[in-house]
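Reviewing the structure listed below.
Residue numbers run from 1 in the order of the sequence given. For clarity, every value in this text was computed on a predicted model and none was experimentally measured.
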Amino acid sequence: MVSVKLEELEKKLLHYTGKAIADFNMIQHGDRVMVCLSGGKDSFTMLRILSLLQKRAKIDFEILAFTLDQAQPGWNDTALRAWLEDRKITYEILTRDTYSIVKEKIPEGQTYCSLCSRLRRGIIYRYAEEKGYNKIALGHHRDDLIRTLLMSILYNGEIRSMPPKLLSDNKKHILIRPLSYCQEADIAAFAELMKFPIIPCTLCGSQENLIRKKVKRLIDQLAEENPKVPSNILSALSSIKPSQLMDSDYWDFKNLEKSRDLLGNSAEKQDALQPLNDPFESLL
């Protein structure tokens, strides 16, 4: 029964990952993909699925599993190394003490994620550039995307999230999120059945009142009443209607009247140039 469940989950994850890669043209022939393996369930699942797709794909692309050891207390990557070597996956484990910097700069009780992610991102970008990897794969899934959207709306006053494919600010790196269509529940179940050697994060995991967890509870509660809520939020990310919002960068609200008059007159002139329909045309 366990093997059947594992096979079903793997097939589902392969389908949605493959669909995301195809929809957003994430990976092309000859790409060198640096897969960020944090040691969590999401990144392990991403690496496993990408490894399977690499063998089945009609294009050739390279994969490197990249793990950043941030010198957190209790870090032990022995099992992770063994898992990678058993599967003959090329990997790099780089040690950089960002943990001490984060603990020093951020007061106890406040969110570490922002500074931690900035430091980690800088190291990842630098390594990718030095080693010639043209794609960086991150393990964010569907629920990360929709939670980020609501967090941004509720707490930052912005409509933004995590795009499945992104050109970095310095224009040197393309980030991809192959799990963008995959549900966290499926990933968690898959990771448990696969018995991945998970390495817990002692920074984020120690803060129980993170805003992200509050937003997760909110979405879960809404999904109990309407199971389509999570997928509807994801769909909203790809169905933006700027004309129905109030961003002045997209619409010149102060001068809409001038636009109406100008465009309206142009439309009338254009209509006047069009030949009248022949009343007998339908009879021919």
Side-chain angles (χ1 to χ4, degrees), residues 32-48 50-51 62-87 89-141 144 147-148 151 162 166-179 184 187-188 191 195-213:
R32 304 186 71 222
V33 183
M34 183 171 137
V35 181
C36 294
L37 178 64
S38 67
K41 68 182 191 320
D42 305 329
S43 59
F44 263 116
T45 297
M46 174 179 62
L47 178 59
R48 165 66 177 176
L50 285 180
S51 296
E62 181 182 337
I63 284 178
L64 169 81
F66 177 84
T67 300
L68 178 61
D69 172 6
Q70 298 177 261
Q72 297 179 19
W75 172 271
N76 185 347
D77 55 32
T78 303
L80 181 145
R81 290 175 184 270
W83 187 89
L84 291 166
E85 290 168 3
D86 286 346
R87 288 154 184 78
I89 297 175
T90 305
Y91 71 91
E92 174 74 30
I93 297 178
L94 190 67
T95 301
R96 295 290 184 272
D97 187 4
T98 63
Y99 178 86
S100 298
I101 298 174
V102 171
K103 293 292 288 184
E104 177 185 348
K105 300 294 183 182
I106 305 298
E108 193 70 32
Q110 292 189 18
T111 303
Y112 299 127
C113 296
S114 179
L115 177 58
C116 182
S117 63
R118 286 203 307 274
L119 294 172
R120 185 170 62 247
R121 185 165 57 245
I123 294 169
I124 289 170
Y125 284 4
R126 193 178 308 114
Y127 184 91
E129 184 175 359
E130 289 175 354
K131 302 298 182 179
Y133 288 94
N134 64 323
K135 298 285 174 66
I136 300 173
L138 305 177
H140 300 113
H141 46 67
D144 286 324
R147 289 169 196 161
T148 299
M151 286 170 59
M162 300 175 174
L166 173 71
L167 180 63
S168 63
D169 291 339
N170 63 10
K171 313 304 180 190
K172 293 183 178 181
H173 310 283
I174 291 182
L175 280 65
I176 59 174
R177 295 182 169 97
L179 302 183
E184 183 179 28
I187 293 171
K195 302 185 184 305
F196 292 135
I198 304 297
I199 301 177
C201 174
T202 56
L203 276 175
C204 299
S206 65
Q207 296 176 294
E208 295 300 326
N209 296 320
L210 290 176
I211 293 173
R212 186 171 292 274
K213 294 184 179 181

Give me each pair satisfying ring pair (Phe, Tyr, Trp, His ring centres under 6.0 Å) with a member in residues 67-86, each pair once, sequence neighbours excluded. Phe44-Trp83, Trp83-Phe196
side-chain contact (heavy atoms from CB on, under 4.5 Å) evaluation trace for Leu50 with Ile63: CA-CA 8 Å; Leu50 285 180; Ile63 284 178; 3.9 Å; yes
Could you list the residues that satisfy side chain to side chain donor-acceptor pair (under 3.5 Å) with Ser38, not counting sequence neighbours? Ser43
Going through the checks in order, is the side-chain contact (heavy atoms from CB on, under 4.5 Å) test met by Ile89 and Leu47? CA-CA 9 Å; Ile89 297 175; Leu47 178 59; 4.2 Å; yes
Sequence neighbours excluded, which residues qualify as side-chain contact (heavy atoms from CB on, under 4.5 Å) partners of Asn76? Thr78
Going from CE on Met34 to CD1 on Ile124, what distance comes out if it is rounded to the nearest 0.5 angstrom? 5.5 Å
Sort and list the pairs that fulfil salt bridge (Lys or Arg N to Asp or Glu O under 4.0 Å) and have at least one residue in residues 116-133, not counting sequence neighbours. Glu129-Lys172
Applying side chain to side chain donor-acceptor pair (under 3.5 Å), name anything that partners Tyr91, two or more places apart in sequence or on another chain. Glu85
Does the side-chain contact (heavy atoms from CB on, under 4.5 Å) test come out yes or no for Tyr99 and Asp97, once each step is laid out? CA-CA 5 Å; Tyr99 178 86; Asp97 187 4; 3.8 Å; yes
Could you tell me which non-hydrogen atom of Gln70 sits nearest to which non-hydrogen atom of Thr98, and how far apart they are? NE2-OG1, 2.7 Å
Just to verify, what does Tyr125 make a ring pair (Phe, Tyr, Trp, His ring centres under 6.0 Å) with, not counting sequence neighbours? His173
How would you list, by chain and number, every residue that makes a side chain to side chain donor-acceptor pair (under 3.5 Å) with Ser51, sequence neighbours excluded? none
Could you list all the salt bridge (Lys or Arg N to Asp or Glu O under 4.0 Å) pairs where at least one residue sits in residues 32-46, not counting sequence neighbours? Arg32-Glu62, Lys41-Glu184
State, with a plain yes or no, whether a side-chain heavy atom of Ile101 is found less than 4.5 Å away from one of Leu119. yes
Sort and list the pairs that fulfil salt bridge (Lys or Arg N to Asp or Glu O under 4.0 Å) and have at least one residue in residues 66-83, not counting sequence neighbours. Asp77-Arg81
Answer whether the closest heavy-atom distance between the side chains of Leu80 and Thr67 falls below 4.5 Å. yes
Pairwise distance CD1(Ile93) to CG(Leu68) - rounded to 0.5 angstrom: 10.5 Å
Taken in chain and number order and not counting sequence neighbours, the residues that satisfy side chain to side chain donor-acceptor pair (under 3.5 Å) with Asn170 are Ser168
Give me the atom names and distance for the closest heavy-atom approach of Cys36 to Met46. O-CE, 3.7 Å
Rounded to the nearest 0.5 Å, how far does CD1 of Ile136 lie from CG of Leu64? 11.0 Å
Under the ring pair (Phe, Tyr, Trp, His ring centres under 6.0 Å) test, residues paired with Tyr133 that sit two or more places apart: none
Give me the atom names and distance for the closest heavy-atom approach of Pro200 to Gln72. O-OE1, 4.2 Å
Using a 4.5 Å cut-off on heavy atoms from C-beta on, say whether the side chain of Leu94 contacts that of Ile123. yes
Tell me, please, which residues at least two apart from Met162 pass side-chain contact (heavy atoms from CB on, under 4.5 Å). His140, Asp144, Leu145, Thr148, Arg177, Arg212
To check you understand the geometry: which heavy-atom pair defines the closest contact between Gly139 and Leu179, and what is its length? O-CD1, 3.8 Å
